[in-house]
There are 2 protein chains.
Amino acid sequence: MRKVFLFMDTIINKVDAKGRVSLPSDYRAMVKELSTEIVCYRSLTSPCIEGCLEDLLDKLATQIEDATDFFSETQDNLTNLIFGDARRFTFDSTGRILLSEKLLKHAGITDTAVFVGKGRKFQIWSPENWEKEEQRIRAEVMQNRPVLKREKEEN
Amino acid sequence: MRKVFLFMDTIINKVDAKGRVSLPSDYRAMVKELSTEIVCYRSLTSPCIEGCLEDLLDKLATQIEDATDFFSETQDNLTNLIFGDARRFTFDSTGRILLSEKLLKHAGITDTAVFVGKGRKFQIWSPENWEKEEQRIRAEVMQNRPVLKREKEEN
DNA sequence: TGGTATAACATGGTATTTTGTGGGATTCAA
DNA sequence: TTGAATCCCACAAAATACCATGTTATACCA
């Protein structure tokens, strides 16, 4: 069993007429060690699909519980948005998943999907949207070098 | 198991037509004790490739999670930038890795690679870029002697 | 200390496996 | 029975493991 577990790299795969996509082999190999399925949902902030292992959503649920009130509107909203949208996707013997219409539409994906590793999770973009996003990020990071220490307090 | 674990020295190896390079035997011997693969990505600040063990990125992932909010733009930007670019490279029985086009291009490497140890990580340069970089560093250190104490607070 | 034998390494080429992708066939539910 | 989802098979391209050889560095012995 591997010690670390990170989604990495940027991989471009085709989406066929049925809506099937190969999960990049790297991702698959990792996922397989723990499960046979991944969870996908529409990103809350970007026109893309997000994917991860169910574990992560479990952690997120705990975080939300800790950070917000049980009866609060925020907790309601967050849980609705994420868990109301998320779904499990199992991959077949060749390693493909069948993405839903809803997800594809939200990401503007037709025949090509760009998988972008994000550590504990990953994103799936259309080539056009990803190009824009990548430029945006690089521009922003060029301006302000990221700082990790003490950012929370400052915000 | 060794106590210390540092990439050191500067080693020049050839890159063949397929993009294969021998990992310096010193590096390999260390890496082998923990893993059969290394992670490489484009340096954020220089025209070179950086490499390290997956552990280091795992630590970084945790740091990012701790320092930023799950839904923040900062976390999004950072994780995309770092993990979207990184990739695992396993070395074969002779100790070579196959560098990707993207990485080679970013570093301007064609047929020769310069490995430079940097402690927990290392860098891979083209001979031309490395020469420039080395001069730059030496010049800078001549002007301002490095200080270790209290640098963090001043920044 | 010098010379030789030995082992380790870098590097070139070849064979094998993996992976992505297309097209049916089969099952399940509406 | 029809449409959608799932499974299975097949092929081509690419990634990866394996084998072989010249060269360099290391160890050993006189």
Side-chain angles (χ1 to χ4, degrees), chain A residues 2 7-33 35-40 49 51 87-105 109-117 122 124-127, chain B residues 7-33 35-41 49 51 54 86-105 109-117 122 124-127:
Chain A
R2 65 189 320 122
F7 295 108
M8 294 194 263
D9 205 0
T10 300
I11 291 115
I12 300 171
N13 279 345
K14 284 201 175 174
V15 182
D16 70 12
K18 300 180 192 173
R20 295 181 299 183
V21 208
S22 288
L23 206 64
S25 64
D26 249 32
Y27 293 15
R28 227 159 54 213
M30 287 199 311
V31 173
K32 257 190 189 165
E33 291 188 27
S35 168
T36 61
E37 52 190 23
I38 54 167
V39 174
C40 291
I49 304 166
R87 214 195 94 190
R88 292 184 195 88
F89 291 85
T90 56
F91 40 89
D92 63 20
S93 56
T94 60
R96 282 183 290 195
I97 54 173
L98 181 70
L99 292 170
S100 67
E101 265 308 312
K102 186 173 76 174
L103 292 180
L104 290 172
K105 196 179 161 195
I109 295 172
T110 54
D111 60 354
T112 309
V114 183
F115 289 80
V116 184
F122 60 89
I124 315 176
W125 293 78
S126 76
Chain B
F7 295 109
M8 292 193 263
D9 204 0
T10 300
I11 290 111
I12 299 170
N13 279 346
K14 282 203 176 175
V15 182
D16 69 14
K18 299 183 193 170
R20 293 183 300 185
V21 209
S22 287
L23 206 63
S25 62
D26 253 29
Y27 293 15
R28 226 159 55 212
M30 286 199 311
V31 173
K32 257 189 188 165
E33 292 187 28
S35 169
T36 61
E37 53 190 21
I38 54 166
V39 174
C40 292
Y41 53 93
I49 304 167
E54 208 171 339
R87 218 195 95 187
R88 289 185 201 86
F89 290 88
T90 55
F91 39 88
D92 63 20
S93 53
T94 61
R96 279 181 295 192
I97 55 174
L98 180 70
L99 292 171
S100 67
E101 265 307 313
K102 187 173 77 174
L103 291 180
L104 291 173
K105 196 179 161 196
I109 295 172
T110 54
D111 60 355
T112 310
V114 183
F115 289 80
V116 184
F122 60 89
I124 315 176
W125 293 78
S126 75

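Side chains included, hydrogens not; waters and symmetry mates left out as well; all remaining heavy atoms used. Every chain is numbered from 1 and lettered A, B, ... according to where its sequence line falls, protein lines coming before strand lines.
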Heavy atoms under 4.0 Å, any strand shown: does Leu23(A) hit a base, just sugar-phosphate, or nothing?
sugar-phosphate
Asp111(A) atom CG is separated from dT21(C) atom P, nearest whole Å, by 11 Å
Specify the separation, in whole Å, of atom CD1 of Ile97(A) and atom C1' of dC7(D).
16 Å
Are Ile109(B) and Ile124(B) side-chain neighbours, meaning at least one heavy-atom pair lies under 4.5 Å?
yes
Which nucleotide in the list dG12(C), dG24(C), dT21(C) gets nearest to the side chain of Ser22(A)?
dT21(C)
Length of the line joining Leu99(A):CG and dA5(D):P, which is rounded to integer Å:
12 Å
Atom NZ of Lys102(A) to atom C1' of dA5(D): distance rounded to whole Å?
17 Å
Mark yes or no for whether Tyr27(B), through its side chain, and Met8(B), through its backbone, hold a donor-acceptor pair below 3.5 Å.
yes
Shortest side-chain distance from Asp16(A), nucleotide among dC18(D), dG22(C), dG12(C)
dG22(C)
Plane angle bin for Phe7(A) and Phe122(A) - parallel if under 30°, tilted between 30 and 60°, otherwise perpendicular:
perpendicular
What is the distance, rounded to the nearest whole Å, between atom CZ of Phe91(A) and atom P of dA5(D)?
19 Å
Tell me, yes or no, whether the heavy-atom count around Lys102(A) atom NZ, taken from other residues, nucleotides or ligands under 6.0 Å, exceeds 12.
yes
The nucleotide from dG22(C), dC18(D), dG20(C) with an atom nearest the side chain of Ser93(B) is dC18(D)
For the CZ atom on Arg87(A), are there more than 12 heavy atoms of other groups (residues, nucleotides or ligands in this structure) within a distance under 6.0 Å?
yes
Pick the closest DNA chain C nucleotide for Ile12(B) and for Asp26(A) by heavy atoms, then say which residue is nearer the 5' end.
Ile12(B)
Grab the CD-P distance between Glu37(A) and dT6(D) for me, whole Å please.
12 Å
Given dC8(D), dC18(D), dC7(D), the nucleotide with the shortest approach to the side chain of Arg96(A)
dC8(D)
Checking contacts here: which listed nucleotide (dT11(C), dT21(C), dG23(C)) is nearest the side-chain heavy atoms of Arg20(A)?
dG23(C)
Once hydrogens and angles are ignored, does a donor-acceptor distance under 3.5 Å link the base of dT14(C) to the side chain of Lys18(B)?
yes
With a cut-off of less than 4.0 Å, is there a side-chain N or O of Ser25(B) near OP1 or OP2 of dC9(C)?
yes
Rounded to whole Å, CG of Asp92(B) lies from C1' of dT17(C) at a distance of 14 Å
Report the distance from atom NZ of Lys14(B) to atom P of dT23(D), rounded to the nearest whole Å.
12 Å
Map Leu98(A) and Thr94(A) onto DNA chain D by nearest heavy atom, then report which one ends up closer to the 5' terminus.
Leu98(A)
Between the base of dG20(C) and the side chain of Arg28(A), is there a donor and acceptor pair under 3.5 angstrom?
no
